[in-house]
Amino acid sequence: MSLPTSTLALAAVACLASGFAWAGPQLNSTYQGDAFGPIELRSDGDHLVGTAPAGGPCQRPVAEQILTGDFQGNVFLGEITLCQTGDTCTPSRSFPLMLVYNVEERALAGVVKLEGGCESPALPKSGMLVLRAPDQGAALTPVTAQATEQRQAQAPSSPPPSGGAAQVAAQRRLEPVDVAATLRQGQAQLLAQNPIAASQQFQLVLAQEKEKNNAWALTGMGVSHFLRHQQQEALKYLEQARGVGPGPARAEAWFWMACVKRAAQESRVAQEALRRALAEGWSPPEGNALVERELQQFAREGALYEQQLKQARGRKRVQGRESQGAGSASP
């Protein structure tokens, strides 16, 4: 499964790493995207929400809040809800999102990574979302799916630079973040039961070219989705984590796959995943309330997982080994 590792995300990492300390921009007006249509943006400190009107390319029956997240400097980290088209595509779902805000152009730009093989009538095929203030040349009229198709049919073969400086900023590769520290922040957010904030930290790691297959960040993303009851998305991240990580990371991914499958009442698969976690050397991290909660859920199933739980709790952690858990920063 591919992940949100676009050049936009790399730009977001760079902005954070370069030391922006000021508060995020205050956006309180209607912004417009070419195919996307209008969206009402409202700021509350660094927090931003966006509400799209009824209709538009996604044919919403009523006005709906589709954008939520927070600014860190001029970088927005959050999620957006969009419609998708395609035979095996989820009709509507939320996607992680990073946007770069350009002050001079009053524009937000970034790439939305849809499910593989899917498209959205609200986005061009590139997935680039550019939202601009009305005085930047955007007409505030809802865009229908038919109008979008007509516009795309009339467009030249090479797309114009619609995002200007904001889009250019979204295509740069700059300095990385502190991976270990960012993973620790993500894990802390998971322990605080704040999965959206946690996923933002893990996204920052995965956005870096050298870290796009970081198994700990992938597992953290999987657990973030699991805590939000998004099992399909959780499994995709966990399956990738178990395929690319070293032994401890694979063990962690297998454990959380067992948790997802137990929650889905797929006992046989959950048992096998828990067995694989233990075979890879997994043991419960000390003081991790999130993991302890899941172990108690297994215990409530009676004798089903009794032997595996006994094996897990009887293990002693290797001296000097950093405690692991959801989103662990362990190497």
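Heavy atoms only: backbone and side chains are in, while hydrogens, waters and symmetry mates are out.
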How would you list, by chain and number, every residue that makes a side-chain contact (heavy atoms from CB on, under 4.5 Å) with Gln271, sequence neighbours excluded?
Leu304, Tyr305, Gln308
Met221 and Ser199 have their tightest heavy-atom pair at SD-O, 3.5 Å
Is it the case that Glu252 and Trp282 place a side-chain donor and acceptor less than 3.5 Å from each other?
yes
Compare all side-chain heavy atoms of Asn288 with those of Gln187 and state whether any distance is below 4.5 angstrom.
yes
Point-to-point distance, once rounded to the nearest 0.5 Å, from CG of Leu99 to CZ of Phe76
6.0 Å
Going through the checks in order, is the side-chain contact (heavy atoms from CB on, under 4.5 Å) test met by Leu206 and Lys212?
CA-CA 4 Å; Leu206 296 171; Lys212 61 184 179 182; 5.7 Å; no
Strictly by modelled atom types, are Asn214 and Glu211 linked by a side-chain donor-acceptor pair under 3.5 Å?
yes
Thr81 versus Ser94, closest heavy-atom pair with distance
OG1-OG, 2.9 Å
With rounding to the nearest 0.5 Å, note down the distance linking CG in Asp178 to CZ in Arg184.
6.5 Å
Heavy-atom pair with the smallest gap, counting every atom of Cys118 and Gln84:
CB-OE1, 3.6 Å
Test side-chain contact (heavy atoms from CB on, under 4.5 Å) applied to Leu218 and Leu238, step by step
CA-CA 6 Å; Leu218 291 169; Leu238 294 171; over 6 Å; no
Short side-chain to backbone donor-acceptor contact, Thr219 and Ala241, under 3.5 Å:
no
Walk me through it: do Glu233 and Arg93 pass the test salt bridge (Lys or Arg N to Asp or Glu O under 4.0 Å)?
CA-CA 10 Å; Glu233 289 84 354; Arg93 57 159 288 192; 3.7 Å; yes
Tell me, do Met98 and Leu204 make a side-chain contact under 4.5 Å, heavy atoms counted?
yes
I'd like to know if the side chain of Gln240 pairs up with that of Asn213 as donor and acceptor (distance under 3.5 Å, no hydrogens or angles considered).
yes
Evaluate the side-chain proximity of Val111 to Ser126: yes if any heavy-atom separation is below 4.5 Å, no if none is.
no
So OG of Ser92 and CD1 of Ile66: to nearest 0.5 Å the spacing works out to 9.0 Å
Residues passing the side-chain contact (heavy atoms from CB on, under 4.5 Å) test with Ala299, sequence neighbours excluded, are Leu309
In terms of heavy-atom contacts, Pro57 and Cys83 come closest through O-SG, 4.3 Å
Considering only NZ, NE, NH1 and NH2 on the basic side and carboxylate oxygens on the acidic side, decide whether Arg42 and Glu40 come within less than 4.0 Å.
yes
Which residues satisfy the side-chain contact (heavy atoms from CB on, under 4.5 Å) test with Gln307, sequence neighbours excluded?
none
Would a single hydrophobic cluster contain both Val244 and Tyr237, if residues Ile, Leu, Val, Met, Phe, Trp and Tyr are joined by side-chain heavy-atom contacts under 4.5 Å?
yes
If hydrophobic clusters are built from ILVMFWY residues whose side chains come within less than 4.5 Å, do Ile39 and Val62 share one?
no
Taking salt bridge (Lys or Arg N to Asp or Glu O under 4.0 Å) as the test, write out the residues that go with Glu272, two or more places apart.
Arg275
Do side-chain atoms of Ser43 reach the backbone of Gly45 as a donor and acceptor pair under 3.5 angstrom?
no
From CD (Gln201) to CD (Gln189), nearest 0.5 Å:
6.5 Å
The test is side-chain contact (heavy atoms from CB on, under 4.5 Å); show your working for Ser29 and Arg106 and say whether it passes.
CA-CA 11 Å; Ser29 62; Arg106 294 181 63 199; 4.0 Å; yes
Name each donor-acceptor pair under 3.5 Å that joins a side chain in residues 47-55 to protein atoms two or more places apart or in another chain, with its distance.
unit_1 : atom_1 : unit_2 : atom_2 : d
His47  : ND1    : Gly69  : O      : 2.9
His47  : ND1    : Asp70  : OD1    : 3.0

Taking the side chain as C-beta and beyond, is there a heavy-atom pair between Val130 and Tyr31 under 4.5 Å?
no
Are Ile196 and Val205 connected, step by step, through hydrophobic side chains (Ile, Leu, Val, Met, Phe, Trp, Tyr) whose heavy atoms are closer than 4.5 Å?
no
Closest heavy-atom pair and its distance - Leu191, Ala289:
CD2-N, 4.3 Å
Decide yes or no for Leu123 and Leu114: does some side-chain heavy atom of the first lie under 4.5 Å from some side-chain heavy atom of the second?
yes
Without placing hydrogens or testing angles, list every side-chain donor-acceptor pair under 3.5 Å for residues 290-297, not counting sequence neighbours.
unit_1 : atom_1 : unit_2 : atom_2 : d
Glu292 : OE1    : Arg313 : NH1    : 3.4
Glu292 : OE2    : Arg313 : NH2    : 2.9
Glu294 : OE1    : Arg262 : NH2    : 3.4

Does the side-chain contact (heavy atoms from CB on, under 4.5 Å) test come out yes or no for Thr30 and Leu41, once each step is laid out?
CA-CA 6 Å; Thr30 301; Leu41 299 181; over 6 Å; no
What pair of heavy atoms forms the shortest contact from Ala251 to Ala277, and how long is it?
O-CB, 3.6 Å
List for me each residue that meets salt bridge (Lys or Arg N to Asp or Glu O under 4.0 Å) alongside Arg276, sequence neighbours excluded, and say none if there are none.
none
Pairs in or reaching into residues 77-96: which pass ring-ring contact (aromatic ring centres under 6.0 Å, His included), with residues at least two apart or in two chains?
none
Under the side-chain contact (heavy atoms from CB on, under 4.5 Å) test, which residues partner Ala234, sequence neighbours left out?
His225, Phe226, Val260
Side-chain donor/acceptor of Asn102 to backbone N/O of Leu108, under 3.5 Å
no
Between Gln200 and Leu77, is there a donor-acceptor pair closer than 3.5 Å when you use the side chain of the first and the backbone of the second?
yes
Using 0.5 Å steps for rounding, measure from the CZ atom of Phe202 to the CD atom of Gln185.
10.0 Å
Once rounded to the nearest 0.5 Å, what's the spacing between atom CG of Leu274 and atom SG of Cys259?
8.0 Å
Quick one: side chain to side chain donor-acceptor pair (under 3.5 Å) partners of Glu64, sequence neighbours excluded?
none
How would you list all residue pairs meeting salt bridge (charged side-chain N to carboxylate O under 4.0 Å, His left out) that involve residues 73-89, not counting sequence neighbours?
Glu79-Arg228
List the residues meeting salt bridge (Lys or Arg N to Asp or Glu O under 4.0 Å) with Glu301, not counting sequence neighbours, and say none if there are none.
none
Is a donor on one side and an acceptor on the other found under 3.5 Å between the side chain of Glu115 and the backbone of Thr90?
yes
